[in-house]
Amino acid sequence: MTDYISQLNPRQQEAVLHGDGPLLVFAGAGSGKTRVLTYRVARLIQEGVDPYNIIAITFTNKAAKEMRERIAHITPLGDQVWVSTFHAACTRILRRDIHLLGYQSGFSIYDAQDSERLLKLCIKEENLDDKQYPPGGISHTISAQKNLLVTPEEYEQSVGADYRLGNVANIYTRYQRKLFENNALDFDDIIMLTVKLLAENDDVRERYQRRFRYVLVDEYQDTNQAQYRLVELLAGKYKNLCVVGDDDQCIYGWRGANIENILRFEADYPGARTIKLEQNYRSTQTILDAANLIISGNEQRAEKALWTENAAGVPLRIYNARDERDEGQFVAQSITYAYDRGATYNDFAVLYRGNAQSRAVEEQLIMAGIPYRLFGGVRFYERMEVKDILAYLKAINNPTDDMALRRIINVPRRGIGDTTINRVANYAYDHQINFAAALDAEIPGITKNTRAKLAEFAIYMKEWHQLASTNPVAELLTQILTDTQYLESLNDGTPEAQTRIENVHELLAKAKEFEATAQDASLTNFLTEVGLVADIDNYDESAGAVSLMTLHSAKGLEFNRVFIVGFEEYTFPSARSVLSETPREIEEERRLCYVGFTRARQRLYLSHAYSRMKNGQRMQCLPSRFLKEVPPHYTEPVNAHGRPKGFVPSRANDFIANAASTSHPMAGNRSFSSRSTSAPPQASTGRTARPSFLQDMHTPIASTSNTPQKTPTNTPFQIGDKVRDPKLGRGMVMAVAANGADIELTIDFPNIGQRKRLAGLFGIMKIE
DNA sequence: AGAAGATAGCTTTTT
DNA sequence: GCTATCTTCT
């Protein structure tokens, strides 16, 4: 720890050594931001500040975890610093004092899915048509209001006599009341209510202000109004506030992030020192120049220019694909080409604007036998079976959580149908009691038989509730699984059944791990922890696979080689932003582009297709406007293998030149059977059955252990797969056989009423 | 009550 | 193309 200061550049040193008072650090991409933050915390402790008096706030658990570990690594007392996400920090504050707002400490946390379900209920109860009041849109509106700290009452006032908005206000009011009645908070409430708590209770505010003499905030450009206010409240007494961010990387405006917060910092905190970190340690000069040129197209930004001492590197590689399939092949072939010459799969990331784009790339990676991990899509804690089990825990932990209870009352099937549930709900509503209480009531219209089922369920609930007060989470879970036969109910013969069962076991393992590591292993804390995780939190650098994710998810990560696919108008920038024609939205897309470019250390591949399927329709596409913003001398067109057109091997600066002399241990070792020993059985059945929770490795092997020996192992196809042949159309694989070196598939084509045996498999692609 | 089949509607990004 | 919801059937 002694000599760490000398490892920093002058600007970084200045930020680390800054004493008391507000400090703004503009940290460009790859400029050593995390380093500065962690060293600054270490320095404070070294100077005699009690770690107890420091809080560092991030947006993701991953960032928090990384910072916590790095601080603990450089200074012995580091692990006492409070490092957490906005949401985790606020939840902790609320668990302690939320009774002052009328809620109870064991409140449930509703994710986007939960809150939308509740919202639908509210729209229904207001007797409004969910076509005219689409839950998604209303949810966005309510979220926006909460981010601006606008209460239902204030919103109602602000909309005046507007009929439609008046109804929206009514929905908001009802929604908020229901959350309260359920003793539940949505994500926005977590911040909003913490602000309310601190603003309205002098003693609570005073306590936290005194405690947090030093406040550090990461990614300040992504704070929304509520978070801004929260930071203001926390740091209000000592003003020892250090915020780090990059206005050029503000990409969450649609979610309420206010880029003004960082641009206004000096005005908000008079006497603030501003430091700009502009030296980039990550990318080549070429990549950086291109990124700088892109971002300079934006009006609303603080002036700065990244520079680097790194070499110029190679030009950006541009591929014009025919369609998304060709584009996927380009990605796969380029990766294979580089892999065969010593690159590793972790070197690569494929970034795209929207999750829907992953499919085309996935198909080609599977065909080429390239292992990959997919981020985004359905996440572990959003999976049906995991949410079911968590709903049991929520309902047990928080008996007023009607939403959780309603979710599980007939899962697994207990013969309690929608009619009954609605009768109970209506009864509860009419008598102003919660759903759980209504289970024991004499409700008109419910038959004796059904009432017995309700009563039986109610008894179980009481038993579990009892169990929860004395036993650890994992034991409670086990008991629930036994009592309900939930696992058995999952075993329905569908291809996903096995994965679902595994996911439940995974959750059980999570619970055990939680018990082993948590300081206070209460059920409430377990639910808090699992309620606030994001997909990217599970990113693991060393997984030996290509990473596929959205540009948003990629923020904060870096890769040696980055593909940005779908670099087209109406895809990137998104159709929405183009059609809106508001500079604000296009500027955010441009920032997203800047984020994407600066993820790459060595190489950046950009591809666009001439045509692409969108919403089931084939669309013509034009190259992204951002592509035109990069001058031609920074770029070079490449072929479908990622090689420069007219490539000559002796060319200086090219990869093959040095790869030829040093043989990589992995080079040439690409046979499928030797690489993977235990492919998960669902590996090639498609994304819905794939757990993204752990390393989501993809291997093309149908099955290594339980298939006859003659079945070829190096094929992505297995019996039952739905496939498409370019000439014959859709079909289903009926048999897989080896025919010499070739693979032979027997495929049923229902549309032509024929069964064909095909060898060579040219153009046959798996579909879902 | 529950399953299978048909149709409408929608897709940016996520703590 | 996919999914969530509605409809129809058992």
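We use all heavy atoms of the structure for the numbers below, so side chains are in, but hydrogens, waters and symmetry mates are not.
Distances shorter than 4.0 Å separate some side-chain N or O of A/T419 from OP1 or OP2 on B/dA1.
In this structure, A/N127 has no side chain to side chain contact (heavy atoms under 4.5 Å, CB included) partners at least two apart in sequence or on a different chain. Partners of A/Y110 by ring-ring contact (aromatic ring centres under 6.0 Å, His included), not counting sequence neighbours: none found. By the salt bridge (Lys or Arg N to Asp or Glu O under 4.0 Å) test, A/R451 pairs with A/E442, sequence neighbours left out. With sequence neighbours excluded, no residue satisfies side chain to side chain donor-acceptor pair (under 3.5 Å) with A/E529. Evaluation of the ring-ring contact (aromatic ring centres under 6.0 Å, His included) rule for A/F626 yields A/F572 as partners, not counting sequence neighbours. Every residue two or more places apart in sequence or in another chain that forms a ring-ring contact (aromatic ring centres under 6.0 Å, His included) with A/F187 is listed here: A/H87. With sequence neighbours excluded, no residue forms a ring-ring contact (aromatic ring centres under 6.0 Å, His included) with A/Y228.
Ring geometry, A/Y610 versus A/H608: the interplanar angle exceeds 60°, so the pair is classed perpendicular (tilted spans 30 to 60°).
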At a cut-off of 3.5 Å, list every protein nitrogen or oxygen paired with a nitrogen or oxygen from nucleotides 7-10 of chain C, distance to 0.1 Å.
none

Strictly under 3.5 Å: I want the nitrogen or oxygen pairs between protein and nucleotides 2-5 of chain B, one per line.
from: B/dG2; atom 1: OP1; to: A/G415; atom 2: N; distance (Å): 3.4
from: B/dG2; atom 1: OP2; to: A/N410; atom 2: ND2; distance (Å): 3.0
from: B/dA3; atom 1: OP2; to: A/R413; atom 2: NE; distance (Å): 3.3
from: B/dA3; atom 1: OP2; to: A/R413; atom 2: NH2; distance (Å): 3.3

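By the 4.0 Å N-to-carboxylate-O rule, A/R591 lies close enough to A/E588 to be salt-bridged with it. The pair A/K33-A/D218 meets the salt-bridge criterion, since a charged nitrogen lies less than 4.0 angstrom from a carboxylate oxygen.
Contact check of residues 111-126 of chain A against DNA chain B (heavy atom, cut-off under 4.0 Å) returns no residues at all. For the segment residues 248-256 of chain A, the set of residues with a heavy atom within less than 4.0 Å of an atom of DNA chain B comprises A/Y252, A/W254, A/R255, in numerical order.
Counting only heavy atoms from C-beta outward, the side chains of A/L527 and A/I109 never approach each other to under 4.5 Å.
Within the structure, every pair that satisfies the side-chain hydrogen bond (donor to acceptor under 3.5 Å, both in side chains) test and touches residues 128-137 of chain A, not counting sequence neighbours, is listed here: A/Y133-A/N167.
Annotation: cation-pi geometry satisfied between A/R92 and A/W82 (NZ/CZ under 6.0 angstrom from ring centroid, within 45° of ring axis).
Counting only heavy atoms from C-beta on, A/F187 has its side chain closest to B/dT15 among B/dG9, B/dA1, B/dT15.
Rounding to whole angstrom units, CG of residue A/N61 and P of B/dT15 are separated by 8 Å.
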